[in-house]
Each structure stands twice: as structure tokens, then as C-alpha cells.
Amino acid sequence: MDERYRRIYAAIAAIPAGRVAGYGQIAARAGLPGRARLVGAALRDSPDGMQLPWYRVLHSNGTIALPRGSRGFREQTKRLRAEGVDVRNGRVPMQAFGLDADLDRALWGIG
DNA sequence: GCAGTGACGACGA
DNA sequence: TTCGTCGCCACTG
């Protein structure tokens, strides 16, 4: 496992329940700005045994990355709703559930 | 080393 | 709001 992947996993694990973050945010927090695709690769490569809130990672616009109707899509939607996140038609209002700048700073100690 | 592909993101129509 | 295109970088054959 690469150091980059470790950082990505750590950034994802830092997302609090009931909140969501974009791939770009995760990549940036992992010290890999602009490498959003690498976050997706890391999730694909993540072991099943690893406890990772992968379902809290969405597209920058708040839409679920997985294809509509796929098992992962259903699983992500189900888990998010279980945490109180409002998933409307495969989409989450980032302005309500996304990580704000202040919250982001509080979580990852930026600034 | 080259070409194809992808759990992405920003833009323009 | 939705769709298509381009740029990005890492992985794979």
C-alpha cells in the first residue's frame, strides 16, 4: 500500500457521520490536490475488511459516483440515509451536508 | 514505452 | 438542469 493511499484512507475516515465530501476534497486533504481520480482508485483498491466510510465520498456536485441501479449505488444511498443524509434522486445537497470550510478546518486542522 | 481506461472536476452549450 | 468535451494522472495490458 502506498503512502498516498494511506493518506486518502485517513482523509475519508475523518469524515464525520451525517456528512459527505467530494473526491476533490479528499484528494486535497490527502495532500494530492487535483488527483480526485486517485481517490476513486484507492477506494476500488481498498480491502473489503477495511472499515471505511466510502459511502460519504461523492462527486464534487453532490451526485453519487456509482452507476444508477448498481449495488454500490443502492448501498451508498441506504447507508447515507441511515445517517440522516438526505439523498434525493441519487443526489445530496452539498450545501446542507457537505463539509463547510469551517468544519473542514475543525476536522483536519487547516489554517 | 505506448495506448486505453477510469468510484473525477471544471466549463460551455 | 442535463449532456458532452477536455484535462488530469495512475493503473493495466
Practice prompt. Select base, sugar-phosphate, or nothing to describe what A/Gly24 touches, counting heavy atoms under 4.0 Å on all strands.
Written response: sugar-phosphate
Practice prompt. Please report, rounded to the nearest Å, how far the P atom of C/dT2 is from the CZ atom of A/Arg88.
Written response: 14 Å
Worksheet item: Using a cut-off of 4.0 Å on non-hydrogen atoms, how would the nucleic acid contact of A/Leu66 be classed: base, sugar-phosphate, or nothing?
Response: base
Discussion item. Just checking A/Gln51: does its CD atom have more than 12 heavy atoms from other residues, nucleotides or ligands closer to it than 6.0 angstrom?
Written reply: no
Worksheet entry | Phosphate OP1/OP2 of C/dC11: any A/Arg37 side-chain N/O under 4.0 Å | no
Discussion item. Using the side-chain heavy atoms of A/Tyr5, tell me which of these nucleotides is nearest: B/dA7, B/dG9, C/dC11.
Written reply: C/dC11
Worksheet entry | Partner nucleotide, any strand, of B/dA7 [Watson-Crick/G-U, under 3.5 Å] | none
Item to complete: Examine B/dA7: is either OP1 or OP2 under 4.0 Å from a nitrogen or oxygen in the side chain of A/Arg44? Give yes or no.
Response: yes
Item to complete: Please report, rounded to the nearest Å, how far the P atom of B/dT5 is from the CG atom of A/Asp45.
Response: 21 Å
Item to complete: Could you check if a side-chain atom of A/Leu32 sits within less than 4.5 angstrom of a side-chain atom of A/Arg7, using non-hydrogen atoms only?
Response: no
Worksheet item: Can you find a pair of side-chain heavy atoms, one from A/Ser46 and one from A/Tyr9, that are under 4.5 Å apart?
Response: yes
Fill in: Euclidean distance, atom CG of residue A/Leu32 to atom P of C/dC8 [Å, nearest integer]
17 Å
Discussion item. Any heavy-atom pair between the side chains of A/Ile8 and A/Ile26 that's under 4.5 Å?
Written reply: yes
Fill in: Shortest side-chain distance from A/Ala36, nucleotide among B/dG9, C/dC9, C/dC11
B/dG9
Worksheet, complete the sentence: side chain to side chain contact (heavy atoms under 4.5 Å, CB included) with A/Tyr55: of A/Lys78, A/Glu75, A/Glu83, only one passes, and it is A/Glu83
Response to the item:
To the nearest angstrom, the CD1-C1' distance between A/Ile15 and B/dA7 comes to 13 Å
Item to complete: Provide, to the nearest angstrom, the distance between the CG atom belonging to A/Leu43 and the C1' atom belonging to C/dA10.
Response: 14 Å
Practice prompt. Can you figure out which of B/dC8, C/dC11, C/dC9 approaches the side chain of A/Arg35 most closely?
Written response: C/dC9
Worksheet entry | Rounded interatomic separation in angstrom, taking CG from A/Asn89 and C1' from C/dT1 | 12 Å
Worksheet entry | Length of the CD1-P vector between A/Ile26 and C/dA10, whole Å | 18 Å
Discussion item. From CG of A/Asp2 over to P of C/dC9, roughly how many Å is that when rounded to an integer?
Written reply: 17 Å
Worksheet item: Between B/dA7 and A/His59, is there an OP1 or OP2 to side-chain N/O distance shorter than 4.0 Å?
Response: no
